[in-house]
Amino acid sequence: MQQREDIRNIAIIAHVDHGKTTLVDAMLWQSGLFRQNESVPERIMDSIDLEREKGITIMAKNTAVSYRGVHVNIVDTPGHADFGSEVERTLTLVDGVLLLVDAAEGPLPQTRFVLKKALEAGLPPIVVINKIDRSDARPAEVLDEVYDLFIDLDATEDQLEFPVLYTNARTGTATHELKEPGQSLEPLFDTILATVPPPRFDPGMGLQFRVAMLDWDDYVGRLLIGRIVNGRVHQADRVAVVHRDGAVEYAKVTVLYGYEGLKRIEVPEASAGELVAMAGIDAIEIGETVADAEIPQALPLIRIDEPTVSMLFSANVSPFAGKEGRFVTSPQLRERLFKERRINVGIRVEETDSPDTLRVSGRGELQLAILIEMMRREGYEMEVGKPTIITREDNGRTLEPMEHLVIDIPEEHIGAVTQKIGPRRGTMVKLVNHGTGRVRLEYRIPSRGLIGYRTEFLTDTRGTGLLNHLFDGWDEWQGEIGHRQNGALVADRAGRTTSYAIDNLQARGVMILGPGEQVYEGMIVGENARDNDMDVNITKEKKLTNMRASTSDESVKLTPPRSMNLEQCLEWIREDELLEVTPKSLRLRKRALAGRRRF
């Protein structure tokens, strides 16, 4: 085997919000990629609007910097386990990982998840303890926790000999010793060159390129992003595509791109060890191999964890359908979902008995909520049902997915949280008190016990709690778990909501609509204070009489309606309810709109 000393490929892995994308920003700045006076947005790698708004990474993205004559390819990965398929694919591109851990929070479930994947792939780690400037930072204890985590995950002796750096990504400094304050990220770059092995390849092999990501360019069409494992490729080369089933097709590489900074640059040829994007090949899926046309040899396929949550997506058929979106019909919805399946291997799309409805499965409700939000922004209208978990049958037993739940809360909220998790079939595994006023609780809980819990948890802890969970295998069905206790207030006729009607209905429950909004029969307008559904007339107007005008007593005092975002709506609905999603609105409705059918 030969190796290329002029290249290093590294992925940055961490729990969500531990500072991966901020660290990449600092590395790009210090590599001299931007002019001093250049205007560059913060978290430049989070290029999707939704990533900027939520402050999380959703899609893995790669960039490249040059340091001392070595081309360093850096891949930024998502921290949520819901987007774990992105991490699994990314690790096939690289030869080493940078494990980022928050100096105060320490290793959390997703740290464990991404590290487990990296150790299974046999990649050498560099541990970076970030945010050392935090007032509650405890770097020495966090380092001990990281060692415990490595031992817990059966790391080899070589993997346990990892270098440790302490960084402050926001100011762009790194140091090997806490006593010596860092000046720049040079120690980090030097450690990457020393620790991450150069790409190795077999000079006797022909071309082998595994597709890890798919992208689209309006000028050249579909782009395949991946790493050349062996051989070399030129523009206009004739290549073989080896599919999952072993079938071979032939195609021509029309354009070849390399990476420099954040830009794709056209290159005439590329060889083993490089990360490239190639165009001209349409019939290929993620994980398949582009090989030498003369002797096509496939690389091993990428193994992706099974999905655990599914939802039904259907075309919008409500009375307000087509008023706000551009793509409303079921063929358009079907085409968009199957396109997503091709680009995102973590999502599955299956047919159902109804031609208008598709079952979409993913790693968690966050992943499906992000997909809905992206489609909504593209102009799609759809209706989605309640998220349900996927079960398995084994020797006549029903198995369901379990989660490892880690909760970090102030001590005073322990009672409220444990009281809620009990009925959701959660079993406490561990309780740690750091002595800082915060407590860490660990539970094993069925996946369905977490559906709808996040909003309650934030209310119970007054927004101060951290809740993280990770897939933890399959176990026997844990029994029934109660969902929402309260019924719904349902509009019994179409019209516009009025202050007069809402004022009279406020005693019945919590409203989710304000005055002056259009409603249709069967649309949910509030949450009932009792456990049954109630049909209400929310469009009732005050009548004119001989004694007074219909506009007198206008100054009614209304409680502001409860506004719910997409995730909260998905958590709130029951089996007999749907969420209508359009580019401008989120409406809750009953499956059967007419009252006669429901009762």
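Just so it is clear, the model here is predicted, and its values are computed rather than measured.
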Check for a donor-acceptor pair, side chain of [X] on one end and backbone N or O of [Y] on the other, with a separation under 3.5 Å.
| X | Y | result |
| --- | --- | --- |
| Glu381 | Glu324 | yes |
| Arg574 | Lys386 | no |
| Thr497 | Gly514 | yes |
| Arg336 | Glu378 | no |
| Arg591 | Asp576 | no |
| Gln478 | Glu476 | yes |
| Gln332 | Val328 | yes |

task = Tell me yes or no: between the side chains of Glu393 and Thr398, is some donor less than 3.5 Å from an acceptor?
result = yes
Does Arg444 have more than 12 heavy atoms from other residues, nucleotides or ligands lying within 6.0 Å of its CZ?
yes
Between Arg377 and Glu373 (salt bridge meaning N to carboxylate O under 4.0 Å), is one present in this structure?
yes
Presence of salt bridge, Arg496 and Glu541, under 4.0 angstrom = no
Next on the checklist: Within 45 degrees of the ring normal and closer than 6.0 Å to the centroid, is that where the cationic atom of Arg448 sits relative to Trp477?
Outcome noted: yes
So salt bridge (Lys or Arg N to Asp or Glu O under 4.0 Å) across residues 402-422, not counting sequence neighbours, yields Asp408-Arg438, Asp408-Arg440, Lys420-Glu456, Lys420-Asp460
Sequence neighbours excluded, the answer for ring-ring contact (aromatic ring centres under 6.0 Å, His included) partners of Tyr380 is Phe327
ring-ring contact (aromatic ring centres under 6.0 Å, His included) filter on Phe338, not counting sequence neighbours, yields none
